[in-house]
Number of protein chains: 2
Amino acid sequence: MSSGGPPTIVSIAERAGVSIASVSRVLNGLGARPETEDRVRRAASELGYVPNAVARSLKDGHTRQLTFAVPDIGNPVYVAMVREIQAVAKAAGYRLLLHSTDADVADELGVVRSLADRTSDGLVLVPIRITPAHVEALTAAPGPVVVIGSLPDGVPVDGVQADSVTGAELAVRHLVESGRRRIALVNGPVDTVPGGNRGRGYRAALAACGIPYDPELVTATDFGVGAGARATARLLAARPDLDAVFCANDQLAIGAVQALHAAGRRIPRDTAVAGMDDSDLAVAAWPPLTSVDLGAGERGRRAARMLLERLAPGSGEPLPARRTTAAPRLVVRGSTSPGAAPAGSDEQEGAKSA
Amino acid sequence: MSSGGPPTIVSIAERAGVSIASVSRVLNGLGARPETEDRVRRAASELGYVPNAVARSLKDGHTRQLTFAVPDIGNPVYVAMVREIQAVAKAAGYRLLLHSTDADVADELGVVRSLADRTSDGLVLVPIRITPAHVEALTAAPGPVVVIGSLPDGVPVDGVQADSVTGAELAVRHLVESGRRRIALVNGPVDTVPGGNRGRGYRAALAACGIPYDPELVTATDFGVGAGARATARLLAARPDLDAVFCANDQLAIGAVQALHAAGRRIPRDTAVAGMDDSDLAVAAWPPLTSVDLGAGERGRRAARMLLERLAPGSGEPLPARRTTAAPRLVVRGSTSPGAAPAGSDEQEGAKSA
DNA sequence: TTGAAAGCGCTAACAT
DNA sequence: ATGTTAGCGCTTTCAA
């Protein structure tokens with residue numbers, strides 16, 4: 001008899017006067033006599049039947065859910081990734097489980113291990129930093145994982161990374177080509193993946209342009225608007241002659257712009273500013289920020305696709321771990337180039353490729 | 001025998017030489033003889049056992065997953081909600097399923113219905129607009145739903161809303177008190193929930209301040225930076241005498257600021273600008289934007305809590321539908337007030353409560 | 001204290 | 001073409 005709960009194949013079978021197997025078949029598009037077909041469909045729709053996804057998952061071993069774990073969902077870069085990953089997942093019929101690790105290493109490792117609870121079919125992980133423990137956990141991952149970040153060779157999971165070294169070079173070169181010579185660096189924590197790489201790119205570009213590295217022009221703080229403003233103010237006090245500020249992300253750059261404005265400097269005439277990530281913040285600033293697009297959306301999209309490929313039937317795990325890198329793209333706007341970025345034009349034509 | 005797959009209670013039982021029931025008991029902290037306890041725990045850890053969450057869900061009827069459905073994950077307002085909801089969910093031991101409806105009404109309705117597949121225990125929905133079909137679907141919702149938005153009375157689901165009418169009033173009043181008289185409105189689509197309410201707030205505030213409503217000072221376009229810039233340019237051309245621009249969100253306000261800058265107007269001296277939502281964009285602008293915080297994070301938090309309360313055992317569905325409203329808060333910054341917002345101070349002290 | 005067995009809702013052999 | 005049944009991994013009566 002139909003008890004209290006939501007309808008199941010049993011309720012339908014009773015109502016249609018057939019077996020549960022017939023119900024299952026009809027509902028899954030396998031053959032049946034027209035009359036049976038009819039009775040089942042009618043009963044199902046009368047009862048408002050919706051298949052129980054949990055039961056189905058238990059049966060066939062997958063959930064059609066993907067997990068995406070990020071350090072901080074508020075960060076525009078990760079937001080761009082979430083957006084793309086969710087789009088790819090949705091298009092492929094997968095749901096997206098969003099997990100915030102709050103930049104906690106232990107939590108990151110936990111997410112990898114929790115793949116074992118079969119809650120999702122695979123994981124896209126953005127680690128804040130990659131430790132030996134990460135390598136270990138990743139190597140023993142109980143399911144498919146794609147890491148967004150720089151993975152050491154030998155770790156048997158797919159990875160997609162940004163090329164922030166080249167990205168930083170792009171920005172610094174652009175600054176140099178615009179005639180800047182005393183280019184400060186406002187970096188984030190250097191013991192994180194992004195911070196480390198961006199610092200290296202800065203030095204490489206200076207070297208390539210024949211400009212000596214000057215430690216006094218370099219600061220490392222937290223990533224954040226306030227940190228950027230304070231660091232820039234300090235830099236300005238120590239080295240009033242600086243003519244450009246390169247920031248490791250747009251938030252820092254926004255802070256730099258504010259500090260510069262507050263100090264009465266004109267941008268870009270007196271001091272140019274460039275950021276990284278090309279987030280929405282870049283066009284919100286005045287003047288609009290020149291920024292390096294590190295392809296966050298693109299990385300998200302690729303990661304999701306790689307994960308889905310691992311999940312596709314047939315193409316099992318035997319494939320070797322793959323690595324891919326998204327190419328950076330410099331987007332020139334008013335903060336470095338006087339004529340750029342007319343108001344009302346969202347997309348900047350001045351963009352040039354790596 | 002222990003076959004290929006991941007360890008299950010059966011593998012543990014075999015290895016420990018006990019029944020699966022004992023395994024289950026030990027692992028769930030129910031009593032057992034010390035020796036049994038020991039053998040089971042040892043076997044479990046040797047095997048690296050992790051309980052299968054799907055099986056558990058099937059058994060006890062809930063997934064410990066919540067769904068959050070938003071029109072667009074890129075929007076800073078929704079990002080703020082996601083962040084809070086995920087935090088509340090995580091703290092309560094729930095996972096968060098993030099769904100983007102892409103502002104599609106049909107998709108919104110689909111999400112409500114899909115509660116029936118038992119993939120998640122409850123839903124927080126942000127509808128872009130509330131149609132009769134929404135009311136119908138919500139009334140027949142196959143599980144607990146909390147709506148963030150303005151729900152008609154009588155719809156039997158919990159709701160939390162912003163008070164954008166009061167919010168708009170706060171901003172307009174502030175503008176008037178700063179001596180502005182010709183205050184333009186740059187609104188988003190008026191057939192959406194936010195657009196409609198913000199327009200009403202604007203008119204109400206003008207009326208309260210004894211300033212006549214002037215249709216020529218009002219535009220409605222899309223929500224977006226480019227749209228804001230274009231609308232403001234148009235307004236400026238038609239009414240060069242305007243002395244303030246109130247925008248229905250921060251993105252529009254950013255656009256307005258750009259258009260104003262491009263037209264050579266000084267902010268706030270010649271023209272003041274105020275936005276809404278108090279997103280990260282507000283502090284990225286120059287001058288930093290005065291904005292009305294509509295409590296997006298707060299709404300997310302409350303919605304998540306209400307949902308969790310519905311889910312708590314005991315306090316079943318019988319509770320009547322609840323409605324709650326988050327109080328708006330005006331945050332004054334440089335775009336309306338000359339002295340405000342020194343660089344480097346992330347939090348603005350000038351904030352005053354409703 | 002412990003084991004046997006039922007059952008959550010579904011799919012897929014297998015038998016008819 | 002359709003029904004019976006086993007089984008996915010777990011929890012929980014019910015007996016012993």
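As the structure is a computational prediction, the values presented were derived from the model and not from experiment.
Residue B:Thr8 is classed as a sugar-phosphate contact, given heavy-atom separations below 4.0 Å to backbone atoms only. Among the heavy atoms of the strands, none lies under 4.0 Å from B:Asp60. Across all strands, A:Arg118 comes closer than 4.0 Å to no nucleic acid atom at all (heavy-atom distances). Residue-level contact check: A:Thr36 touches the backbone only, with heavy atoms under 4.0 Å from sugar-phosphate atoms and none from bases. Using a 4.0 Å heavy-atom cutoff across all strands shown, B:Ala21 reaches at least one base atom of the nucleic acid. Within 4.0 Å (heavy atoms only), A:Val18 reaches sugar-phosphate atoms of the nucleic acid but no base atom.
For C:dG3, the OP1/OP2 oxygens have a side-chain nitrogen or oxygen of B:Ser19 closer than 4.0 Å. Close to D:dG3, at under 4.0 Å from its OP1 or OP2, lies a side-chain N or O of A:Ser22. Neither OP1 nor OP2 of D:dG9 sits under 4.0 Å from any side-chain N or O of B:Arg56.
Judged by distance alone, the side chain of B:Gln65 and the main-chain N or O of B:Tyr94 form no donor-acceptor pair under 3.5 Å. One N or O on the side chain of A:Lys90 and one on the backbone of B:Ser100 form a donor-acceptor pair closer than 3.5 Å.
Between the C1' atom of C:dG9 and the NZ atom of A:Lys59 lies a distance of 11 Å, rounded to the nearest Å. Counting to the nearest Å, the P atom of D:dT11 and the CZ atom of B:Arg64 are 13 Å from each other. One can place CG of B:Asn28 at 10 Å from P of D:dC10, the figure rounded to the nearest angstrom. Atom NE2 of B:His62 is separated from atom P of D:dT11 by 11 Å (rounded to the nearest Å). The nearest whole Å value for the distance from the CD1 atom in A:Ile20 to the P atom in D:dG7 is 15 Å. When rounded to the nearest whole Å, the span between CG of B:Asn52 and P of D:dC8 equals 12 Å. Between the C1' atom of D:dT4 and the CZ atom of A:Arg25 lies a distance of 10 Å, rounded to the nearest Å. Distance CG (B:Leu58) to P (D:dG9): 12 Å, rounded to an integer number of Å.
A salt bridge links A:Arg41 with A:Glu37; the closest basic N to acidic carboxylate O contact falls under 4.0 Å.
Positionally, the nearest nucleotide of DNA chain D for A:Glu35 lies more toward the 5' end than for the other of A:Glu35 and B:Leu27.
For the pair A:Val146 and A:Val160, the minimum side-chain heavy-atom distance is below 4.5 Å.
Between the side chains of B:Thr192 and B:Arg129, no donor-acceptor pair is found at a separation under 3.5 Å.
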